[in-house]
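Each remark here refers to the structure printed beneath this line.
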Amino acid sequence: MLELAGIIILGILAQWFAWKFKIPAILPLILIGLLVGPIASEFLSDDGSKWIEPIWNGEKGLFPGDGLYYFVSLAISIILFEGGLTLKRSEIENVGPVITKLITLGSAITFFGAGIIAYLIFELSWELSFLFSGLIIVTGPTVITPILRNIPLKKDISTVLKWEGILIDPIGALVAVLVFEFISVEGDSGFTKTALIEFGKIILFGTTFGFTFAHGLAFAINKKLIPHYLLNVVSLSTVLLVFVESEIFAHESGLLAVVVMGMVLGNGKLENIKELLYFKESLSVLLISILFILLAANINIEDLMLLYTWKTAVLFAIVVFVIRPLAVFLSTSGSNLNANEKLFISWVGPRGIVAAGIASLFGSKLLKQGVEGAEYITPLVFMIVLGTVLLNATTARLFAKMVGVFLEKSEGILIVGASQVSRIIGKYLEDNDRHVVLIDSNQTNIKLAKKLGLEAINTNIYSENLEDNVELNDVGFLMALTGSKDINQFAINKFSKQFGENGAFRLISVDEMTSTDTIPKEGLFSQTDDYETLFKVAKKFPKINEIEIKDRSHFEELIEITNEDENIIPLLVKDKRGVFEIISSQNKAIEKIEKGYKLIYLGKLIK
């Protein structure tokens, strides 16, 4: 009982520590696992026992027999399902081919490259060398996402790393399974037949079960066949059912099934999707906390001593500094990514829970079978996991600045509210090469925004998920354009620091229009226009216009015209380079006005 409680308590403390110091939680979790496991047994315990013993002497400990194997498998399935829910097709319009190449060509390069290097350096058998390389194919969303949250990057870079981290997990697991089958089956001809059969079964049952059960669950939720209070637990049990059923028909196809299921649900017309995401995210945090401590504690000090050699450093350096960049540069050739962006993607490739979990499972199985050299698998993979996480967590921000992909000034614009006014403004800005994101709780508004090609998120302004959205890392301007003064003010108070570093604005209210003394500094566009006037003008004149400014006095004349004519509303000023400055209700705040600048406005043409 003490051990179980201790794992959960230490895991959540590690998660808090990671949040506080903005590092991936895997780092303190593995260190805690090593401390209460092999380090405690060697240096801290009088009798040489571990403080937390997942498996002891095969049949004792917290998870005797195959208990740890089953627990890790089920936990990983839930974590990958949650990751699949976050993948949206709209995110990959620009980088879809890059992601496809990374998880195919990039995986092949890592597999063969790391396998050959492991064979040459550690003199493992070819089978074990390629089992190791198959396991380190995977990166991991559980470690990449915390890194990306703290670095302002272009959306394309964040999207590539996020999608690669989630989609590559079942691919790495599949490759590792095929190599494991090769080790277990005697004779090359036997393996060839077994590999082809297993590969086909994994793809067939994984995709079929994932797709079918996703639509079945969505149908049950949308038709109100599941009571609200059972929604989360029914969804959880369905994920476990899909994983187990798929595993019964094709061993190790369960990971593919749950990722497919998550992607189908995440991109479908599912009601209550946000509640499902919140629940799965909380559950994933708990499971990740438990898993990493358990898996690290399960390592023995003898395993760690195997790594105490120069060969370990050479293997790590080649995997990280040669094979990963080679895979990325070949996979991104011909794409819109520049050399510096490719360098950064090459640098950020931390391995996560799937690599650690499957390595622990396969390593222990091969040890039981008496395979020579199998004792190297688990510690070598853990070395890659811990090393890449430590390297990326401590240097990713600095490296982003060194290669010039760190956004010193975030130019993206977050618009709260996706009404017709917001869509018109957002479309104009998007057409002028600005990254625009609209958020709204109204699904109809979101659909209309997406039809215009705008990035739009259906969410509640009071939820917490926006703060963790890595695709918003390049946002530096905030515009609250809803018809509610309270919502607009709440958006300013909550998100101005994170998304409004270059400017946070909101529409003024009717009360603030009546007196110039009450015009707020964050007031948007003009002191005579609120949401109602904007809505009326947009309905009559749904178009953004431009007029060239001659000088400061001409600009002030134009502003006066907009104040006097209720059908014209000033929005922005664009300089000669195409850089925008948002007009506030205190429009004199725009310091620099020159000939060649343009006033951007909504409404009828100024003659």
Side-chain angles (χ1 to χ4, degrees), residues 22 24 86-110 113 137-141 143-168 319-352 388-389 391-413 430 432-437 455 469-476 499 501-502 577-579:
K22 296 182 177 181
T86 67
L87 298 180
K88 306 295 182 183
R89 288 191 301 267
S90 58
E91 297 173 352
I92 60 171
E93 293 177 355
N94 298 326
V95 291
V98 171
I99 296 168
T100 302
K101 287 182 180 179
L102 272 176
I103 63 176
T104 52
L105 176 61
S107 296
I109 292 170
T110 302
I137 283 175
V138 300
T139 57
V143 287
I144 286 178
T145 302
I147 293 173
L148 297 180
R149 283 174 185 166
N150 300 311
I151 307 175
L153 301 166
K154 282 178 60 178
K155 178 192 172 186
D156 285 351
I157 301 176
S158 298
T159 301
V160 167
L161 288 169
K162 171 187 169 184
W163 275 71
E164 180 200 16
I166 295 173
L167 293 181
I168 209 168
V319 167
V320 173
F321 302 121
V322 178
I323 295 175
R324 170 69 176 175
L326 181 64
V328 170
F329 272 82
L330 289 178
S331 300
T332 56
S333 61
S335 69
N336 294 326
L337 297 172
N338 60 41
N340 287 347
E341 292 168 344
K342 295 175 184 178
L343 273 175
F344 182 78
I345 294 173
S346 301
W347 188 261
V348 180
R351 275 61 175 183
T388 53
V389 170
L391 176 68
N392 292 156
T394 55
T395 64
R397 189 178 184 90
L398 176 63
F399 191 78
K401 292 181 178 180
M402 288 174 57
V403 298
V405 300
F406 187 92
L407 296 178
E408 297 292 346
K409 185 177 181 182
S410 302
E411 296 289 346
I413 300 172
E430 188 78 31
N432 282 270
D433 302 321
R434 296 294 288 274
H435 177 213
V436 179
V437 181
E455 184 177 347
N469 193 317
V470 298
E471 281 77 31
L472 300 180
N473 281 356
D474 67 340
V475 169
F499 300 126
E501 59 182 88
N502 299 320
R577 298 171 299 160
V579 177

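Reckoned from all heavy atoms, side chains included, excluding hydrogens, waters and symmetry mates. Just so you know, residue 1 is the first one in the sequence shown, and it goes up from there.
The minimum heavy-atom distance linking H435 with V437 is given by the pair NE2-CG2, 3.4 Å. Heavy atoms only, all atoms of each residue included: T388 and P350 are closest at OG1-CA, 3.6 Å. For the residue pair N336 and E341, the shortest heavy atom distance occurs at O-OE1, 4.2 Å. Heavy atoms only, all atoms of each residue included: A327 and G106 are closest at CB-O, 3.7 Å. Annotation for E455 and V436: closest pair CB-O, 3.6 Å, computed over non-hydrogen atoms. The minimum heavy-atom distance between F344 and A396, with the atom names listed, is CE1-O, 3.4 Å.
The side-chain heavy atoms of M402 and N340, taken from C-beta on, include no pair separated by under 4.5 Å. Two residues are said to be in side-chain contact when any heavy atoms from C-beta on lie closer than 4.5 Å; V328 and E164 fail this criterion. Inter-residue side-chain proximity for V348 and F399 is flagged as unmet; no heavy-atom pair is nearer than 4.5 Å.
Note that OG1 of T332 is 6.5 Å distant from CD1 of I345, once rounded to the nearest 0.5 Å. Distance CG/L326 to OG1/T110: 8.5 Å, rounded to 0.5 Å. Atom OG1 of T104 sits about 9.0 Å away from atom CD1 of I109, to the nearest 0.5 Å. In this structure, L102 CG and L161 CG are separated by 8.5 Å, a value rounded to the nearest 0.5 Å.
The closest donor-acceptor contact from the side chain of T394 to the backbone of L391 lies under 3.5 Å. Between the side chain of R351 and the backbone N or O of G349 there is at least one donor-acceptor pair closer than 3.5 Å. Between the side chain of S107 and the backbone N or O of I137, no donor-acceptor pair lies under 3.5 Å.
Pairs engaging residues 326-338 under the salt bridge (Lys or Arg N to Asp or Glu O under 4.0 Å) rule: none recorded [sequence neighbours left out].
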